[in-house]
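Given the structure is predicted, the values throughout are model-derived calculations rather than measurements.
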Amino acid sequence: RLGADALIGFVPGIGDTAMLFVSFWIIAEAHRSGVPLRLKLQMIWNVFLDWLIGLIPIIGDIFDVAWRANQRNAEIFEKHVVGQ
């Protein structure tokens with residue numbers, strides 16, 4: 001299964017940068033829901049790492065498939081909301 005990030009990431013530079021908007025939307029929703037700063041920083045790190053390595057041709061595409069920052073962040077968000 002390929003995520004949208006991995007598919008859009010095949011467009012060099014533009015694809016990874018465009019996915020930042022989706023990634024930060026998840027973080028903004030987490031913020032509005034009261035997710036603690038520590039978890040939001042972890043989510044930001046996931047996005048930053050995904051974006052930075054995603055800029056490297058081919059290696060970045062492989063990393064996008066394996067890392068799945070948005071899925072990781074959604075899981076962090078969900079665990080916080082369910083755990084309350």
[X]: partners by side-chain contact (heavy atoms from CB on, under 4.5 Å), with sequence neighbours left out:
X     : result
Pro57 : none
Leu49 : Trp45, Ile53, Phe63, Trp67
Phe24 : Leu20, Ile27, Ile44, Val47
Ile76 : Leu39, Gln42, Met43, Asn46, Asn73

* What residues join Phe21 in its hydrophobic cluster, counting side-chain heavy atom gaps under 4.5 Å, either direct or through other members? -> none

* To do: Would you give the length of the straight line joining atom CD of Glu75 to atom CZ of Arg68, rounded to the nearest 0.5 angstrom?
  =>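 Going from CD on Glu75 over to CZ on Arg68, the span is 10.0 Å.
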
* Among residues two or more places apart or on two chains, list those pairs meeting salt bridge (Lys or Arg N to Asp or Glu O under 4.0 Å) that have a residue in residues 32-49. => Glu29-Arg32

* **For His80 against Pro36, the heavy-atom pair lying closest together** =>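 Answer, listing the atom of His80 first, then Pro36: CE1-CD, 3.3 Å.
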
* What closest approach, in Å, do Phe77 and Ala30 show between heavy atoms, and which atom pair accounts for it? ->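 Heavy-atom minimum between the residues: CE1-CA, 3.7 Å.
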
* **Heavy-atom side-chain proximity of Met19 to Asp50 below 4.5 angstrom** => no

